[in-house]
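Written below as C-alpha cells is the structure these notes are about.
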Amino acid sequence: MSGQRDLRGLAPPEPMEIILQWLDAASAGEQAQFHLPHTPFPLYEHLRLRRCHWECAAQSDGSAILTVFRD
Amino acid sequence: MFLPEFSLPVRIPLRFFRTAPWWLALSALLLLTLDADQWQQRFAPPMLAITHLLALGFLGNIMLGALLQVSAVLTGVRAKHAPFWGMALWLVLQLGTAMLALGLWQMQPVLLQAAAAILFCGLISLALWLLHRFWRSGTRSVLSWPVIGLGLTAVSGTLLVGILSYGFPAIGLNEILRAHIVLASITWLIALIIAVAFTVVPMFLVAPAWPQALNRWLLPALLLCALAAVMDARGLTILCLPILAWLFGLLRLLQNSQRRADPARYLWGWGAVNMALVLALLPWLVDVSDTASILMAGHFVLAGVLPIITAMLAKIIPFLLWLDYRLQVPSGGKLRHMGQLFPERWLKRLAYLSIAMGITFWPLFQLTFKAIPIIILLYAGAIAYCLRRSVQTQQVAIVQAKTLSAQTSNQPK
C-alpha cells in the first residue's frame with residue numbers, strides 16, 4: 001500500500017497522469033489510494049488498458065476515493 | 001476487458017463544437033444583409049431566422065456537445081452504437097436548424113412544421129434517454145434539470161409552430177411565445193451553464209466545491225421560478241433570484257480559485273454578472289419597445305453567454321483531446337498538459353475579443369450596427385481556428401509518439 005494521495009486540488013489532467021504514472025511504475029501486487037474531486041469515470045477507460053483492477057467509493061461531499069490494485 | 005463503448009468517443013462532442021462557429025459565421029453574414037429597420041424589429045422574419053440560427057446552430061451545438069460530454073464524465077452514461085447515435089443527433093440538429101431558419105425567413109409553414117417535427121423527435125428522444133440513464137445510474141445528477149428544460153423547450157417550440165400553422169392548440173400567441181423564450185433561455189441554456197459550472201469551475205479553476213445547498217436546490221428553484229414566469233408574466237420578476245444566488249456563489253469560488261491568472265476565471269465572472277443583470281432588468285424593459293428587447297437579448301448572448309462558452313470550450317476541448325491522446329499513447333509522449341493543446345495565450349485573445357463584444361454592443365447598436373456582425377465574424381473565425389489547431393496538435397503528437405514507439409521497437413537489441 002503506497003498510502004492515500006489527495007489529488008483534489010489539482011487541475012485536470014494532472015490527477016489522471018499521476019494515477020497512470022503510478023500504475024505504470026508499480027509492481028504486481030502493489031496498491032494505492034487516491035482522493036479525487038469526483039468519481040473518475042473517464043479514467044476507467046484508461047485503467048482498462050492496464051493490468052489492474054480498482055474500487056471506487058463515492059463520498060457524501062461528491063468526492064471519491066479510488067483504490068487501484070496492480071495485478 | 002476493454003469496452004470501447006465505455007465512454008463517449010471524442011469525435012462525437014467535437015463534431016458539435018466544431019460545427020457551432022460555422023452557424024455563428026452564417027448568422028453574422030445574414031445580419032450584415034439586414035437594413036436599419038429590420039435591426040429594430042424582433043419579430044421580423046429575418047430577425048427570427050437569425051435568432052434561431054444563433055440559438056440552435058451556435059448555442060445549441062455547443063450546449064449539446066457539452067451536455068453529452070459532461071454526462072459521460074459525471075455519470076458514466078454510455079450508449080451502445082454511440083458513433084451512430086451521435087451522428088444521427090448531429091444531423092437532426094443541423095437539418096432542423098437549417099429548415100427552421102429557412103422556414104422563418106420565408107415564413108413557409110411546411111418548412112416550419114418539418115423542422116419542428118425533426119427537432120421535436122430528436123431532442124425529446126435525447127432528453128428521455130438521458131433522464132432514463134441518469135435514473136438508472138443511481139446518481140442524483142444535476143444534469144437532469146437542464147435535460148428537463150431541453151424537453152420543455154422542444155415541446156413549447158413545437159406548440160408554437162402548431163399555433164402559427166393551424167391555430168392549434170388554443171393558447172394565446174404571447175403566452176406560448178413567452179413560455180418558449182423563458183424555457184429555452186432559463187430552463188435549458190442557463191440551467192445547463194449552471195450544471196456545467198458546478199463541475200467545471202472547481203475542477204479546472206482549482207476552486208473549493210460549491211456549497212451543498214446550492215448544488216442541491218438551485219436548479220429545482222430555477223425551474224420553479226421559470227415555470228412561474230411561464231404561467232404568468234409577473235413571474236419574470238423573480239427569475240433573477242436564483243441567478244443572483246448562483247452569481248454570489250460563483251464569485252466566491254472564483255475569488256478562492258488557485259488559478260488566479262487564468263483568463264477563464266474572468267470570463268466566468270464577467271459572463272455571469274451580465275446574465276444576472278439582463279435577468280434583473282428583463283421584467284422592466286422587455287415590453288418597452290422592440291429595440292429594448294433586442295438590446296437585452298444581444299447583451300444576454302454577447303456579454304453573458306459568449307464569455308462563459310469561451311471559458312468552457314477552452315477547458316473542455318483540450319481535456320477531451322488529452323483523454324483521447326492518452327488512450328492512443330498510453331504513457332510518455334510529448335503532450336504533458338492541456339496548455340499544449342489550447343495555449344493560455346489563445347484564451348487570453350478570445351477573452352479580449354468576447355469582452356470587447358459585450359462592452360461595445362450597446363454603443364455599436366446605436367451608432368454603427370453593421371460593425372456588430374463583423375466583430376461576431378472575427379470571433380467565429382478565431383474560435384474555429386483555435387479548435388482546428390487544437391485537433392491538429394493532438395493528431396501530430398499521436399503520429400509522432402506512434403512513429404517513435406515503432407522506431408524504438410524496431411531497433412536491434
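Naming: A, B, ... by sequence-line order, numbering from 1 per chain. These numbers come from a predicted model, not from an experiment.
- Between chain A and the residues B:Gln258, B:His337, B:Arg326, the largest count of heavy-atom pairs under 4.5 Å involves B:Arg326.
- The parts of A:Pro13 that come within reach of chain B are both its backbone and its side chain, each placing non-hydrogen atoms under 4.5 angstrom from that chain.
- The backbone N or O of B:Ala197 lies less than 3.5 Å from a partner atom in the side chain of B:Trp210, making a donor-acceptor pair.
- Heavy atoms closer than 4.5 Å to chain A are found nowhere in B:Leu320, neither backbone nor side chain.
- The contact between B:Phe204 and chain A is made by backbone and side chain atoms together, counting heavy-atom distances below 4.5 Å.
- Note that CG of A:Leu20 is 6.5 Å distant from CG of A:Leu47, once rounded to the nearest 0.5 Å.
- A:His38 and B:Thr199 share no donor-acceptor pair across their side chains, judged by distance under 3.5 Å alone.
- At a 4.5 Å heavy-atom cutoff, A:Arg8 makes no contact with chain B through either its backbone or its side chain.
- At most 12 non-hydrogen atoms from other residues, nucleotides or ligands lie less than 6.0 angstrom from CZ of B:Arg11.
- With a 4.5 Å cut-off on non-hydrogen atoms, A:Leu43 does not touch chain B at all.
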**Study point:** Worked verdict on A:Leu36 versus A:Ile19 for side-chain contact (heavy atoms from CB on, under 4.5 Å)
**Key:** CA-CA 11 Å; A:Leu36 297 158; A:Ile19 295 168; 4.0 Å; yes

